[in-house]
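Below: one structure, written as structure tokens.
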There are 2 protein chains.
Amino acid sequence: MTTTAAAATIKPQNQATGTAKRAGLDYEDVVVAALQLVETRGAEALSMRKLAAELGVTTTTIYHHVGGRDDLILALIRHSSAQQAEIMIEGQNPADRIQSVSEHIWSSALDHRNVTALAHQVGATSLLAMPLELALARELQAAGLSGAALRDALRAILMCTAGFLVVAFRNEASISAEYRSSELWSEVIDEQIDAETTQALCEPPDVFLLFQQSIRALILHFITAEPSPSKQRPSKKQRNKGATHD
Amino acid sequence: MTTTAAAATIKPQNQATGTAKRAGLDYEDVVVAALQLVETRGAEALSMRKLAAELGVTTTTIYHHVGGRDDLILALIRHSSAQQAEIMIEGQNPADRIQSVSEHIWSSALDHRNVTALAHQVGATSLLAMPLELALARELQAAGLSGAALRDALRAILMCTAGFLVVAFRNEASISAEYRSSELWSEVIDEQIDAETTQALCEPPDVFLLFQQSIRALILHFITAEPSPSKQRPSKKQRNKGATHD
DNA sequence: GGGGTTCTGTAACAGTGTGCAAGAATACTA
DNA sequence: TAGTATTCTTGCACACTGTTACAGAACCCC
């Protein structure tokens, strides 16, 4: 509960130089304190005043060292991104390795769910997952893709993953749980849909299993797709239908 | 600029009954005013005080009629959901019709992007898109799916759509545009990835085109998948590999 | 020691959601 | 019609939020 304890444990040596004032804080000190605050108490616990109290200073100090709230969050995301850079990619064939990276993006986001939620709020998820994005690009290239085809495959996998993650996060939050899809379906009575299906839609989802399955389908689709010569974009979805049917 | 003008245009008759006070506001009046405020001035423009000023009353009146902010947003979403209920489904074969509904979910979210963003913030997107979710279930059933298989297909399509929508919204917002994936790739120098690919990853994405393509792949995967007997869940991804390869 | 830079605190501004207590306007009732 | 009861509305306050102008310490260097 002693607010200065956190700062003291981080930098005790500078606390000794100055008698009372001059907390001896650094840019990085503030950022790691903010990151720690977010990871332990959640994304909504990050406010300038709370962080300042945690550091034993005033908000003005934070503004002087790292800038406004957006700068702080961005710095925090960068810091967390560097931490979760190295990964272990498993699998023998290219598809398995791409799947492995995708699942690593998933588990990494869940491991740092608070930072991920924060990055999602400010629209900087790419900044957080950039190292994994790079690893994904490498594996896609190892699968034979390159250029526009690789770009499309990578983006599709990332966007799809983001969607599943959003739902996974939402299902964790106990707030407004009565507005989840499975709860809403329990009140649906539609004669066009048989009872067994309606009941199945009321069951809570296994988001990760569905994620694995869907990503797998996407990977196979983009790997086995014909190598599109540069950037042709014929009239809308005609191309997609033909490509997947033949 | 006259704050009472909005309320007057909505309910001019009740303004005449009471001499000065008693604004004559209804539950629905507040909700439609909030919806209008969100649609015209954005999701972040919805505050209790701004809405109250728009209606020519005080915040307490809103609290009395519809409740707190969450209740207001939920009511707003329900109202908007009922408006965008009826749709036109095109296509001859089942896959095309499922694709049509999916794209309708997309365009509907973009047409009401502010409400969608708001629903996304409070985690009630299912509440907003429930009518379209129902239409999607019907088309999936028409394609021969039912029970757990239909449930999984529906959820996969919805989650994937949500992911693409998040990115589409993010790319629209001009704030923090320098943290988009395409901008970050312009600073990447990786010898394992060839230059052509790196350059392709710097190009701005055509999110809708990718959405169409990916959803198509998902639909074909879930439609042509074997009818899984009830709810077997064998060891992780072994099943997925076998199902899609054979 | 003096001057300049760097850091920090105080206080304030303009917002946000929310709740309490009181009064006005209407509806109901005897 | 008079009086009560209920519904509606307001004013004010509380506890927050991000942000900044100003002033004064603390430090470094000469």
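Throughout, protein chains are lettered first and strands after them, A, B, ... in sequence-line order, and every chain is numbered starting at 1.
A ring-centre distance under 6.0 Å is not found for Trp106(A) and Phe164(A).
A sub-4.0 Å separation between OP1 or OP2 of dT16(C) and a side-chain N or O of Lys50(B) is present.
Rounding to whole angstrom units, CE of residue Met48(A) and C1' of dG9(C) are separated by 17 Å. Between the OH atom of Tyr63(B) and the C1' atom of dA13(D) there is a distance of 14 Å, rounded to whole Å. Put simply, CG on Leu25(B) is 14 Å from C1' on dA25(C), counting in whole angstrom units. Glu44(A) has its CD atom 12 Å from the P atom of dT17(D), to the nearest Å.
No salt bridge links Arg49(B) with Glu54(B); every basic N to acidic carboxylate O contact stays at or beyond 4.0 Å.
Mapping Arg69(B) and His65(A) onto DNA chain C via the closest heavy atom, the residue that lands nearer the 5' end is His65(A).
Nearest nucleotide to the Thr60(B) side chain, out of dT17(D), dT16(C), dT10(D): dT10(D).
Contact annotation: side chain of Arg49(B) to base of dG15(C), donor-acceptor pair absent below 3.5 Å.
Backbone-only engagement by Thr61(A) is indicated by non-hydrogen atom pairs under 4.0 Å involving sugar-phosphate atoms exclusively. Within the 4.0 angstrom heavy-atom criterion, no nucleotide atom of any strand lies near Leu51(A).
Side-chain contact between Ile105(B) and Leu158(B): present, with at least one pair of heavy atoms (C-beta onward) separated by less than 4.5 Å.
Counting only distance, with no hydrogens or angles, the side chain of Arg180(B) and the backbone of Gly123(A) share no donor-acceptor pair below 3.5 Å.
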